[in-house]
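Heads up, the thing below is written out as structure tokens.
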Amino acid sequence: MAMRGIEMKFHGYDTILNACINKRAIREGQRVHAHMIKTRYLPPVYLRTRLIVFYSKCGCLGDARRVLDEMPERNVVSWTAMLSAYSQRGFASEALDLFMQMLRSDGEPNEFTFATVLTSCIGIVGFELGRQIHCLIIKRNFEFHIYVGSSLLDMYAKSGRIYEARKVFEHLPERDVVSCTAIISGYAQLGLDEEALELFRRFKTEGMTSNYVTYASVLTALSGLAALDLGKQVHNHVLRCELPFFIVLQNSLIDMYSKCGNLTYSRRIFDNMPERTIISWNAMLVGYSKHGMGREVVELFKSMREENKVKPDSVTLLGVLLGCSHGGMEDIGLEIFDEMANGKYGVHPEIEHYGCVVDLLGRASRVEEAFEFVKKMPIEPTAAVWGSLLGACRVHSNVDIGELVGHHLLEIEPGNAGNYVILSNLYASASRWEDVKRVRDLMNEKAVKKEPGRSWVELDQTLHTFHASDHSHPRREEVFAKVKELSVRFKEAGYVPDLSCVLHDVDEEQKEKILLGHSEKLALTFGLIATSDGVPVRVIKNLRICVDCHNFAKFMSKIYRREVSLRDKSRFHHIVDGICSCGEYW
DNA sequence: TTAGGGTTAG
């Protein structure tokens, strides 16, 4: 009878706990747990593990951990349940500590444990541990398990080791949508967009099914390639399939259209969303910001605050500040930064936000203020922040501050060729040739070299590359004649090239070099494209640059004396998207 | 009973 009673109790607790887990019913679950304690019921490992799962699903990680710590004996499932709770909520170091504790207590990990713990192997420390865990996985013979394998390849890809990731993937005896998506996303997140797309095409031929995660990853790759047509195809497809978690795909689509230069489409998707997450707002804000549309950025941020459904995060404020900086709205940007620093938005400024303010002041010719701002920063300024200031000094020929900043940068970043180049150019602008020579000698002495940066433009399947002052193209006569013709039209149309570029994948120092030299390369590249007249253009991405497309399209309308269609706008975006500069002007 | 891939920013 006693045995039957215990058994009944067990089933009763199990049933109620399961219901509480499914419904995330915190209070009821807590009452069940309290009842066990009150009646001095000693739950078996199974039920204690269910309590861990219950608490972790309800977000009460401390309570879950207490249950684990108080267990007289634990099995692999209870360890793994707790590990999973930590890793899913982003507590990576707690997860790794727990895993080590599990090994020390002679706990034997299984395929569930390995698949889970690898997702917490992020950052340098995590990656080193991840490598050791890989050895353990090989020893325990879980290497070819599909869940473990996809987790493993994802760990390598997220640590930038795409070759190792690919190796794990190629050795998997079977593949499914998750492992295929993981490798596609690995390439896409590293900016290896062509490779990501190639794999996606291959898997499709092989009959793999795709889901919303696959499409989200593919859209990332398409954004990187500014491949508007393919992006539209994916858009049509996901609409037809009515995939779940459409909100994630809508966010990806907003981003894809904006990176392809089509902000009208981005905004249409954004406006028609029944629900928006912070990522939706950020994607739209950043889209405007990258195109120098400061007013739209500020207005959208205001709507977001008024709607008051989602809270701004650090990306939101970064987008807003960048938008103000590139849209020439420095006073509003500074005001928003002050409000941010005073806690108005619930997000506190990080180094990137400070960097934005330096950039903002620098662009507005307020170099002295920018310098004072950097000196008073409560966070140690990084080389990128100093580099941004140096660039501003160069643009506005402020030799006094530029000299101080430049020499400081040479000390903290002696191997960065760009700093020498900018400092030398600054001296050159003030005709201080002795100093120019001194910086150049220093560069030689330290054996620092600067490779020229290039633009890649693909015209009708032929690749053309350019660097600044490049006269080597076989059709240079035609190209330069066209450049000359265009420059006359530039002037006639009253167009002042807008240097407010936002660069992706480049740091402040590189950005400044591009700002200094991009108009010449823009002319060269555009000259070739204009000469080729109507041939489809594709830019082979290395460094991606978005010049203010909006103004560029307006300018093109004036040049050609006709309205520029949306399609054309995106094409112009392609054109300017691949332009970068070497910054070598001596 | 426990498990793997995703969207914005740098």
Side-chain angles (χ1 to χ4, degrees), chain A residues 14 17-18 21 44-54 56 74-85 87-88 109-119 142 145-155 157-158 165 169 172 175-186 188-189 210-220 223 243-256 258-259 266 276-287 289-290 313-322 350-353 355-356 382 384 502-508:
Chain A
D14 188 27
L17 263 183
N18 274 338
I21 291 169
V45 179
Y46 169 88
L47 269 188
R48 290 178 196 260
T49 307
R50 295 307 283 156
L51 278 170
I52 294 176
V53 172
F54 159 72
S56 72
R74 299 164 196 136
N75 64 15
V76 60
V77 183
S78 34
W79 284 111
T80 308
M82 191 66 230
L83 260 180
S84 163
S87 69
Q88 279 177 10
N110 65 8
E111 62 274 36
F112 287 76
T113 326
F114 283 125
T116 308
V117 72
L118 286 169
T119 63
F142 286 121
H145 186 279
I146 191 154
Y147 278 60
V148 179
S150 35
S151 208
L152 198 54
L153 82 85
D154 190 57
M155 189 245 338
K158 288 206 171 85
F169 178 77
L172 281 176
R175 291 165 190 174
D176 64 2
V177 61
V178 176
S179 50
C180 291
T181 305
I183 191 74
I184 291 175
S185 134
Q189 280 171 8
S210 299
N211 61 21
Y212 83 97
V213 185
T214 323
Y215 287 116
S217 308
V218 168
L219 281 168
T220 303
S223 303
L243 291 172
F245 301 101
F246 192 53
I247 195 160
V248 170
L249 286 170
Q250 284 173 312
N251 295 342
S252 305
L253 287 166
I254 291 173
D255 181 55
M256 184 276 293
S258 101
K259 290 208 175 113
S266 295
R276 299 183 191 106
T277 62
I278 184 64
I279 295 179
S280 326
W281 289 93
N282 290 351
M284 198 62 237
L285 278 169
V286 167
S289 160
K290 280 180 176 162
D313 65 8
S314 90
V315 180
T316 317
L317 270 303
L318 208 55
V320 173
L321 292 174
L322 276 171
E350 293 155 27
I351 189 73
E352 290 87 357
H353 300 98
C356 266
T382 54
V502 184
L503 311 173
H504 312 272
D505 306 331
V506 292
D507 57 27
E508 290 295 321

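Below, read A as the first sequence line, B as the second, and so on, with proteins coming before strands; counting in each chain starts at 1.
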Report which part of the nucleic acid [X] touches: base, sugar-phosphate, or nothing (heavy-atom distance under 4.0 Å, all strands).
X	answer
Tyr212(A)	base
Val45(A)	nothing
Ser78(A)	nothing
Ser179(A)	base
Thr181(A)	base
Thr49(A)	base
Asp176(A)	base
Ile183(A)	nothing

Would you mind telling me which of [options] lies closest to the side-chain atoms of [X]?
X	options	value
Asn110(A)	dT2(B), dG5(B), dT8(B)	dT2(B)
Asn282(A)	dT8(B), dT2(B), dG4(B)	dT8(B)
Val315(A)	dA9(B), dT2(B), dG5(B)	dA9(B)
Thr220(A)	dG5(B), dT8(B), dA3(B)	dT8(B)
Leu318(A)	dA9(B), dG5(B), dT1(B)	dA9(B)
Asn211(A)	dG4(B), dG5(B), dT1(B)	dG5(B)
Val178(A)	dG5(B), dT1(B), dA9(B)	dG5(B)
Val286(A)	dT8(B), dA3(B), dG5(B)	dT8(B)
Lys158(A)	dG5(B), dG10(B), dT2(B)	dG5(B)
Phe112(A)	dT2(B), dG5(B), dG4(B)	dT2(B)

Under a plain distance cut-off of 3.5 Å, with no hydrogens placed, do [Y] and [X] share a side-chain donor-acceptor pair?
X	Y	result
Asp255(A)	Ser252(A)	no
Thr277(A)	Ser280(A)	yes
Asn110(A)	Thr113(A)	yes

> Under 4.5 Å between any side-chain heavy atoms of Leu51(A) and Leu17(A), yes or no?
Replying inline: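 Yes - at least one pair of side-chain heavy atoms lies under 4.5 Å apart.
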>> Does any part of the side chain of Ser258(A), heavy atoms only, come nearer than 4.5 Å to the side chain of Val286(A), both counted from C-beta?
In response: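 No. Closest side-chain heavy atoms not under 4.5 Å.
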>> Check the phosphate of dA3(B) against Ser84(A), side-chain N and O only, distance under 4.0 Å to OP1 or OP2. Yes or no?
In response: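 Result: yes.
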> Would you say Gln88(A) reaches dA3(B)'s phosphate, i.e. side-chain N/O to OP1/OP2 under 4.0 Å?
Replying inline: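 For Gln88(A), the contact criterion (side-chain N or O under 4.0 Å from OP1 or OP2 of dA3(B)) is met.
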Euclidean distance, atom [atom1] of residue [X] to atom [atom2] of [N] [Å, nearest integer]:
X	N	atom1	atom2	result
Met284(A)	dA9(B)	CE	P	13 Å
Tyr215(A)	dG5(B)	OH	C1'	15 Å
Asp154(A)	dG4(B)	CG	P	11 Å
Asp313(A)	dA9(B)	CG	C1'	8 Å
Phe245(A)	dG5(B)	CZ	P	14 Å
Lys259(A)	dT8(B)	NZ	P	6 Å
Ile247(A)	dT8(B)	CD1	P	14 Å
Trp281(A)	dT7(B)	CH2	C1'	17 Å

> More than 12 non-hydrogen atoms from neighbouring residues, nucleotides or ligands closer than 6.0 Å to OH on Tyr46(A), yes or no?
Replying inline: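 Yes - once you tally the heavy atoms of other residues, nucleotides and ligands closer than 6.0 Å, there are more than 12.
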> Minimum heavy-atom separation for Ser210(A) to Val177(A), with atom names?
Replying inline: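 Smallest heavy-atom distance, with atoms named: CA-CG2, 4.2 Å.
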> What about Ser151(A), does its side chain sit under 3.5 Å from the base of dG4(B) through a donor-acceptor pair?
Replying inline: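 Looking at the base of dG4(B), it does not pair with any donor or acceptor on the side chain of Ser151(A) (distance under 3.5 Å).
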